[in-house]
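Side chains are part of it too, since the values below use all heavy atoms of this structure and drop only hydrogens, waters and symmetry mates. Everything numeric here is computed off the predicted structure, so don't read it as measured data.
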Amino acid sequence: MRVGMGYDVHKLTEGRKLILGGVEIPWEKGLLGHSDADVLVHAVMDALLGASALGDIGKHFPDSDPAYKGISSILLLQHVTNLLKKNGYCIGNIDATIIAQKPKMAPHILKMRKNMADAMGISESCLNIKATTEEGLGFTGKEEGIASQAICLLYRNAEMEGETR
């Protein structure tokens, strides 16, 4: 078994959609980034890539590559999941936290879980998403950005058990 952790942060700005967990959340600001800037999905992808020792999202999806301009992070998550499968890994579980003062995330979490679980081909019961504020402290508390943290557990496919990496 392997454990990985991921973290991502993006600045809030006007004129962008707010996408988290593949869900467009109606709000006055969105996240600035090369892709759709979905910090939740980015943190999860980094946790998965870290646990499998396959690098990070910057290595696989560089912001200097125009192919990823505005791309849905859900599509990138599908790609990461395929990389895991090719390397003999299965997802045990993922626990993720969104850190944002506003907007309220609770009404959107079930849809985020469904979108992300579907993209990874796992049961929603293997993915937990929660949200917290920072009580007005720091850049997230001052509504300057949104951050996300994730941790995951991977295990090897049964047919790969005898191999070492």
Would you say the side chains of Asn115 and Lys111 form a donor-acceptor pair under 3.5 Å? yes

Ignoring hydrogens and geometry beyond distance, is a side-chain donor-acceptor pair present between Ser148 and His42 at under 3.5 Å? no

Which pair of non-hydrogen atoms, one from [X] and one from [Y], has the smallest distance, and what is that distance?
X: Ala119; Y: Ile74; answer: CB-CG2, 3.8 Å
X: Met45; Y: Leu77; answer: SD-N, 3.5 Å
X: Leu49; Y: Asp56; answer: CD1-C, 3.5 Å
X: Ala47; Y: Ala150; answer: CB-O, 3.8 Å
X: Arg2; Y: Ala53; answer: NH1-CB, 3.8 Å
X: Leu110; Y: Glu124; answer: O-OE1, 4.3 Å

Side-chain heavy-atom pair [X], [Y] within 4.5 angstrom cut-off:
X: His108; Y: Pro26; value: yes
X: Phe61; Y: Ile71; value: no
X: Ile25; Y: Met105; value: yes
X: Asp8; Y: Asp46; value: no
X: Ile94; Y: Leu48; value: yes
X: Lys130; Y: Thr132; value: no
X: Arg16; Y: Leu31; value: no
X: Ile129; Y: Ile98; value: yes

Give a yes/no verdict on a cation-pi contact between Arg156 and Tyr89, requiring under 6.0 Å between NZ or CZ and the six-membered ring centre and an angle within 45° of the axis.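 Yes; both conditions hold, so Arg156 lies above the ring face of Tyr89.
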
Are [X] and [Y] linked, directly or through other ILVMFWY residues, by side chains that come within less than 4.5 angstrom of each other?
X: Met112; Y: Met120; answer: yes
X: Leu40; Y: Phe139; answer: no
X: Ile146; Y: Met5; answer: no
X: Tyr7; Y: Val3; answer: no
X: Leu127; Y: Leu154; answer: yes

So does Glu14 have more than 12 non-hydrogen atoms from other groups sitting under 6.0 Å from CD?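 At most 12 heavy atoms, drawn from other residues, nucleotides or ligands, come within 6.0 Å of this atom.
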
Which value, rounded to the nearest 0.5 Å, describes the distance between [X] atom [atom1] and [Y] atom [atom2]?
X: Ser125; Y: Arg113; atom1: OG; atom2: CZ; answer: 7.5 Å
X: Ile19; Y: His10; atom1: CD1; atom2: NE2; answer: 12.5 Å
X: Asn157; Y: Leu84; atom1: CG; atom2: CG; answer: 10.0 Å
X: Thr140; Y: Lys102; atom1: OG1; atom2: NZ; answer: 13.0 Å
X: Thr81; Y: Ile122; atom1: OG1; atom2: CD1; answer: 7.5 Å
X: Gln149; Y: Asp95; atom1: CD; atom2: CG; answer: 10.0 Å

Between [X] and [Y], is there a donor-acceptor pair closer than 3.5 Å when you use the side chain of the first and the backbone of the second?
X: Asp36; Y: Ser73; answer: yes
X: Gln101; Y: Gly136; answer: yes
X: His34; Y: Pro62; answer: no

